[in-house]
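Notes follow the structure.
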Amino acid sequence: MGRAADGSDVLVVGGGLIGLVTAWRSAQRGLRTTVADPEPGGGAAQVAAGMLAAVTELHHGEQMLLGLNVASAARYPAFVAELEEASGRGTGFRACGTLSVALDTDDRAHLRELHALQRRSGLASEWLSGRECRRLEPMLAPGVRGGLRVDGDHQVDPRRLTAALVTACERAGVVFRRGWAERLSVTADRAAGVVLADGARLDADQVVLAGGSLSGRLTGLPEEVLPPVRPVKGQVLRLRVPPVYAPFLSRTVRAVVRGSHVYLVPRADGELVVGATSEEMGWDVTVTAGGVYELLRDAHELVPGITELPLTETRAGLRPASPDNAPLLGPTALPGLHLATGHHRNGVLLTPVTGEVMATLLTTGEVPELAQPFTPARFAATGSREPVRTSVPPSAHQEQPA
Ligand code: GLY
């Protein structure tokens with residue numbers, strides 16, 4: 001491919017986890033790479049809990065996505081080892097496993113069904129009685145009726161992961177342009193770069209749109225390439241486990257309580273992350289009393305001792321959801337413009353595989369086989385596009401990808 005004069009080979013729009021990993025992998029392959037973002041490393045990764053939940057978040061009808069999720073989970077240990085080496089920073093990766101528990105008969109039936117689906121899908125999980133669950137995690141409520149032990153669903157700290165990626169990008173020669181990408185430039189029916197809000201023009205041979213839930217906000221995108229992503233709000237709490245209570249939990253503990261997911265993710269440094277609501281509220285990132293109340297109420301039912309812990313932070317972020325909950329990875333109908341967005345609940349989990357897929361696409365023009373079901377073309381073909389074009393408050397511009 002020809003190089004844009006005075007420009008980059010690759011311009012990544014959006015400096016969240018997905019944009020950063022795309023830029024890092026692209027620079028590693030020798031491409032001159034620029035990232036445009038007002039605040040690289042911000043966005044949904046600053047809120048996300050960082051569960052790598054390929055098995056425990058399996059849903060009926062999402063078996064195709066499962067393949068990509070499992071492939072990315074398998075890459076995590078080597079990915080973080082390479083990234084930690086390249087950046088000199090830790091990522092908080094913790095091979096701790098997960099316990100999904102049931103609090104009543106309905107929950108238990110639901111979890112049994114999930115277990116059967118996991119087994120049919122060839123995934124490793126083990127059914128435990130309530131007593132066995134409490135033996136593993138003594139802080140669990142006496143009412144826990146059973147659970148699924150999934151030793152392969154680990155965690156990473158998305159804030160540390162993001163900081164490591166920013167440093168790795170800098171060391172690999174990625175150029176950061178701290179500005180809001182306002183408009184796509186199109187020259188001779190080909191994406192040619194973007195114009196920033198301050199009027200600066202960034203030229204590039206290839207453009208990757210990795211703007212999370214805001215990916216559809218770039219003006220100048222032809223209608224047929226508008227990414228069908230929408231924001232799904234998640235409110236998340238952070239607590240601290242004082243040394244006297246440690247180890248409070250030794251692995252991620254989760255459940256579905258009254259139809260809502262609640263999870264508790266214990267970090268090695270004593271942070272305990274409790275998430276998350278799932279709300280269709282547009283770009284609203286208000287932390288509400290109701291959201292905090294529901295999370296604490298549900299977490300308290302699982303682990304009553306949680307109310308003793310200091311509450312250190314409440315925050316809301318936006319998952320970039322696509323119509324089928326799977327990411328959009330690959331070329332668009334506009335030559336030179338690619339998408340890496342729509343990761344919904346799996347942005348952190350899918351970071352390693354996304355970087356690999358996008359770097360292959362950027363260097364060879366080909367989408368690797370494992371990502372072929374996830375190209376944007378699947379929406380163009382079915383006509384099931386749901387592009388989002390409502391107005392965004394200026395503050396939401398800081399909220400970039402998951
Ligand atoms: N994957 C966890 C969440 O999106 O809440």
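In each ligand, atom 1 is the first atom listed, and ligand 1 is the first ligand listed. Values in this document were obtained by computation on a predicted structure and should not be read as measured data.
The contact set between ligand 1 and Glu57, taken as ligand atoms under 4.0 Å from a residue heavy atom, comprises 1 (N), 2 (C). Interface atoms of ligand 1 facing Met51, defined by a heavy-atom separation under 4.0 Å, are 2 (C). Heavy-atom contacts of Ala276 reach the following atoms of ligand 1: 5 (O) (cutoff under 4.0 Å). Close contacts between ligand 1 and Tyr263 involve ligand atoms 2 (C), 3 (C), 5 (O) [criterion: under 4.0 Å to a heavy atom].
Using a 4.0 Å cut-off between a side-chain N of Lys or Arg and a carboxylate O of Asp or Glu, Arg25 and Glu356 do not qualify as a salt bridge. Look at Glu39 and Arg178 and you find no salt bridge, because none of the NZ, NE, NH1 or NH2 atoms lies under 4.0 Å from a carboxylate O. Using a 4.0 Å cut-off between charged side-chain N and carboxylate O, Arg258 and Asp298 make a salt bridge. Between Glu137 and Arg251 there is a salt bridge, since a side-chain N of the basic residue sits under 4.0 Å from a carboxylate O of the acidic one.
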> Taking it one step at a time, do Lys233 and Asp284 satisfy salt bridge (charged side-chain N to carboxylate O under 4.0 Å, His left out)?
Replying inline: CA-CA 7 Å; Lys233 177 179 175 182; Asp284 170 57; 2.7 Å; yes
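Here the heavy atom of the protein found nearest to atom 1 (N) of ligand 1 is Arg345 O, 2.8 Å. Arg319 NE, 2.7 Å is the protein heavy atom nearest to atom 4 (O) of ligand 1.
When non-hydrogen atoms are compared, ligand 1 lies under 4.0 Å from neither the backbone nor the side chain of His344. Residue contacts with ligand 1 for His261 are absent, since no atom lies close enough (heavy atoms, distance under 4.0 Å).
Under a cutoff of 6.0 Å and an axis angle of 45°, Arg149 and Trp127 do not form a cation-pi pair.
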